[in-house]
Enquirer: 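After the structure tokens below, expect a handful of questions from me.
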Amino acid sequence: MSLFISFEGVEGSGKTTQIHLLADHLKSLGRSCVVTREPGGCPIADQIRHILLHPASRGLVPMAELLLYAAARAQHVEEIIKPALSAGHIVLCDRYLDATLAYQGYGRGLDLDLIEQLNLLAAGTVRPHATILLDLPCRQGLQRARQRNSHSEGPDEDRFEQESLRFHQRVQDGYLQLARKESERFHVVSAEGEPQDIARRIRQVVDGLLLPRRLP
Ligand code: TMP
């Protein structure tokens with residue numbers, strides 16, 4: 001039985017680490033799992049990711065940015081997510097539709113209804129069954145992300161980390177608002193503490209999601 005889980009959170013909230021820990025857990029239970037991310041997840045969308053996140057793209061206007069996220073998503077949904085779900089895999093996606101509402105909507109101030117319409121155009125009815133929101137004060141997350149990037153080839157992708165703390169605060173507040181609006185789908189998990197402790201909190205949520213699916 002397929003299951004689609006998206007992961008959201010501010011910069012440095014540890015999504016990528018947690019997704020991989022969860023994938024290992026699911027595989028140990030004998031579940032087949034596809035790990036993917038947005039923007040990106042397939043070669044064409046990865047090229048769009050490069051344009052979106054490279055510091056040289058600082059002149060990108062908010063509407064062009066929004067349309068590029070939608071374009072990357074349309075490709076990713078057709079090429080990766082739909083086939084994986086049809087094949088019965090569990091899909092774990094690092095960011096999805098809510099990221100556009102949080103960053104381009106609450107963060108940049110673009111119209112939320114317009115973003116909903118574009119999300120519908122790009123993703124159709126391919127919606128996550130559940131969304132894990134890793135909750136971390138954005139000042140703490142930014143510190144983590146900047147440390148990580150100073151030790152890796154991250155600077156190629158740090159256009160968003162260069163945004164002001166106020167921008168990231170709006171994104172964080174936006175995510176929490178979205179979680180309140182759709183409290184059935186969203187699971188807000190504290191991202192403070194050791195990775196293994198956070199992984200345990202996430203496993204509890206996901207094991208709960210899998211339970212009814214074990215029934216015939
Ligand atoms: P990542 O660092 O989690 O891989 O995400 C890449 C960046 O892209 C991150 O700063 C959030 C941003 N983003 C948006 O602004 N809108 C979107 O729709 C998505 C998917 C990501």
Side-chain angles (χ1 to χ4, degrees), residues 4-16 19 36-41 45-46 48-55 57-78 81 91-142 145 157-189 191:
F4 181 13
I5 307 177
S6 62
F7 287 74
E8 302 284 355
V10 292
E11 313 295 313
S13 54
K15 292 176 285 89
T16 312
I19 288 172
T36 189
R37 68 169 178 185
E38 288 208 346
D46 276 335
I48 302 175
R49 178 183 176 96
H50 183 74
I51 298 173
L52 279 164
L53 303 187
H54 199 281
S57 303
R58 72 180 66 83
L60 206 53
V61 297
M63 184 55 72
E65 181 183 273
L66 172 64
L67 293 169
L68 285 171
Y69 277 111
R73 177 162 301 136
Q75 187 71 31
H76 180 225
V77 166
E78 283 303 320
I81 300 181
V91 175
L92 305 180
C93 190
D94 193 337
R95 300 197 187 279
Y96 195 53
L97 305 171
D98 302 296
T100 319
L101 290 163
Y103 279 80
Q104 281 64 53
Y106 291 95
R108 299 266 188 247
L110 292 178
D111 185 63
L112 292 171
D113 290 336
L114 171 72
I115 296 174
E116 296 272 19
Q117 284 172 38
L118 269 176
N119 277 349
L120 189 60
L121 278 178
T125 55
V126 182
R127 307 267 152 173
H129 299 104
T131 297
I132 310 273
L133 174 59
L134 285 175
D135 188 29
L136 186 73
C138 59
R139 188 186 290 273
Q140 213 172 309
L142 274 176
E157 291 206 344
D158 73 356
R159 191 170 68 88
F160 276 87
E161 280 144 40
Q162 292 174 7
E163 289 288 343
S164 69
L165 189 59
R166 281 220 300 276
F167 172 83
H168 290 286
Q169 192 58 61
R170 287 198 299 276
V171 171
Q172 160 93 337
D173 294 343
Y175 269 132
L176 291 173
Q177 234 168 289
L178 292 170
R180 277 193 294 274
K181 267 200 261 178
E182 275 192 77
S183 57
E184 291 261 297
R185 172 169 65 91
F186 270 92
H187 300 266
V188 181
V189 171

Enquirer: Run the ring pair (Phe, Tyr, Trp, His ring centres under 6.0 Å) test on Phe4 and Tyr96 for me, step by step, so that the C-alpha distance in whole Å, both residues' side-chain angles and the decisive distance to 0.1 Å come before the verdict.
Expert: CA-CA 11 Å; Phe4 181 13; Tyr96 195 53; 5.0 Å; yes
Enquirer: Enter the distance from Tyr103:OH to Glu8:CD here, rounded to the nearest 0.5 Å.
Expert: 8.5 Å
Enquirer: What distance separates Thr16 OG1 from Asp94 CG, expressed to the nearest 0.5 Å?
Expert: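 That separation rounds to 4.0 Å.
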Enquirer: Determine whether more than 12 heavy atoms belonging to other residues, nucleotides or ligands lie under 6.0 Å from atom CZ of Arg127.
Expert: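 Yes, the 6.0 Å shell around CZ holds more than 12 heavy atoms from other groups.
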Enquirer: Report yes if the side chains of Leu118 and Leu67 come closer than 4.5 Å at any heavy-atom pair, otherwise no.
Expert: yes
Enquirer: Any side-chain to backbone donor/acceptor pair from Gln172 onto Leu136? Under 3.5 Å, distance only.
Expert: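 Yes, Gln172 side chain to Leu136 backbone: donor-acceptor pair under 3.5 Å.
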Enquirer: Once you round to the nearest 0.5 Å, how far does CD1 of Ile48 lie from OH of Tyr69?
Expert: 11.0 Å
Enquirer: Locate the shortest heavy-atom distance separating Glu11 from Ala145; write the atom from each residue and the value.
Expert: CB-CB, 4.2 Å
Enquirer: Side chain of Ser57, backbone of Ile51: donor and acceptor closer than 3.5 Å?
Expert: yes
Enquirer: Do Arg49 and Arg37 touch side chain to side chain, with heavy atoms closer than 4.5 Å?
Expert: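 Side-chain contact under 4.5 Å: yes.
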Enquirer: Is any side-chain heavy atom of Phe186 closer than 4.5 Å to one of Leu178?
Expert: yes
Enquirer: Which distance, rounded to the nearest 0.5 Å, do you find between the OH of Tyr106 and the CG of Leu112?
Expert: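 Reported to 0.5 Å precision, the distance equals 5.0 Å.
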Enquirer: Nearest 0.5 Å, what's the CG-CD1 distance between Leu120 and Ile115?
Expert: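 Atom-to-atom, Leu120:CG and Ile115:CD1 are 13.5 Å apart.
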Enquirer: With side chains defined as the heavy atoms from C-beta onward, is the minimum distance between Leu176 and Asp135 less than 4.5 Å?
Expert: yes
Enquirer: Which atom names give the shortest non-hydrogen contact between Thr131 and Ser6, and what distance separates them?
Expert: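 So the two residues come closest at OG1-OG, 2.8 Å.
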Enquirer: Between the side chain of Arg95 and the main-chain N/O of Glu38, is any donor-acceptor distance below 3.5 Å?
Expert: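 Checked: no pair found.
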Enquirer: Between Ile5 and His129, is there a side-chain heavy-atom distance shorter than 4.5 Å?
Expert: no
Enquirer: Please evaluate residues Ile19 and Ile132 with respect to the criterion side chain to side chain contact (heavy atoms under 4.5 Å, CB included), reporting the C-alpha separation (whole Å), side-chain torsions for both, the decisive distance (0.1 Å), and the verdict.
Expert: CA-CA 10 Å; Ile19 288 172; Ile132 310 273; over 6 Å; no
Enquirer: Contact between Met63 and Leu114 at the side-chain level, heavy atoms closer than 4.5 Å - yes or no?
Expert: yes
Enquirer: For the pair Arg185 and Asp98, evaluate side chain to side chain contact (heavy atoms under 4.5 Å, CB included) and give the outcome as yes or no after the intermediate values.
Expert: CA-CA 11 Å; Arg185 172 169 65 91; Asp98 302 296; 2.8 Å; yes
Enquirer: Determine the minimum heavy-atom distance between Cys138 and Leu165, stating which atoms define it.
Expert: SG-CD1, 4.2 Å
Enquirer: Please give me the minimum heavy-atom distance between Cys93 and Ile81, naming the atom from each residue.
Expert: SG-CD1, 4.5 Å
Enquirer: Looking at side-chain heavy atoms only, is the closest gap between Gln169 and Val10 below 4.5 Å?
Expert: no
Enquirer: Minimum heavy-atom separation for Asp158 and Pro55, please, with both atom names.
Expert: OD1-CG, 3.2 Å
Enquirer: Can you tell me how the ring of Phe167 sits relative to the ring of Phe160, calling it parallel under 30°, perpendicular over 60° and tilted otherwise?
Expert: tilted
Enquirer: First locate atom CG of Leu133, then atom CD of Glu182, and finally report the distance between them rounded to the nearest 0.5 Å.
Expert: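 Leu133 CG to Glu182 CD: 12.5 Å, rounded to 0.5 Å.
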Enquirer: Mind listing the closest non-hydrogen atom pair of Ala123 and Leu97 along with its distance?
Expert: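 The answer is CB-CD2, 3.8 Å.
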Enquirer: Is Arg73 close to His76 at the side-chain level, that is, under 4.5 Å between some pair of heavy atoms?
Expert: no
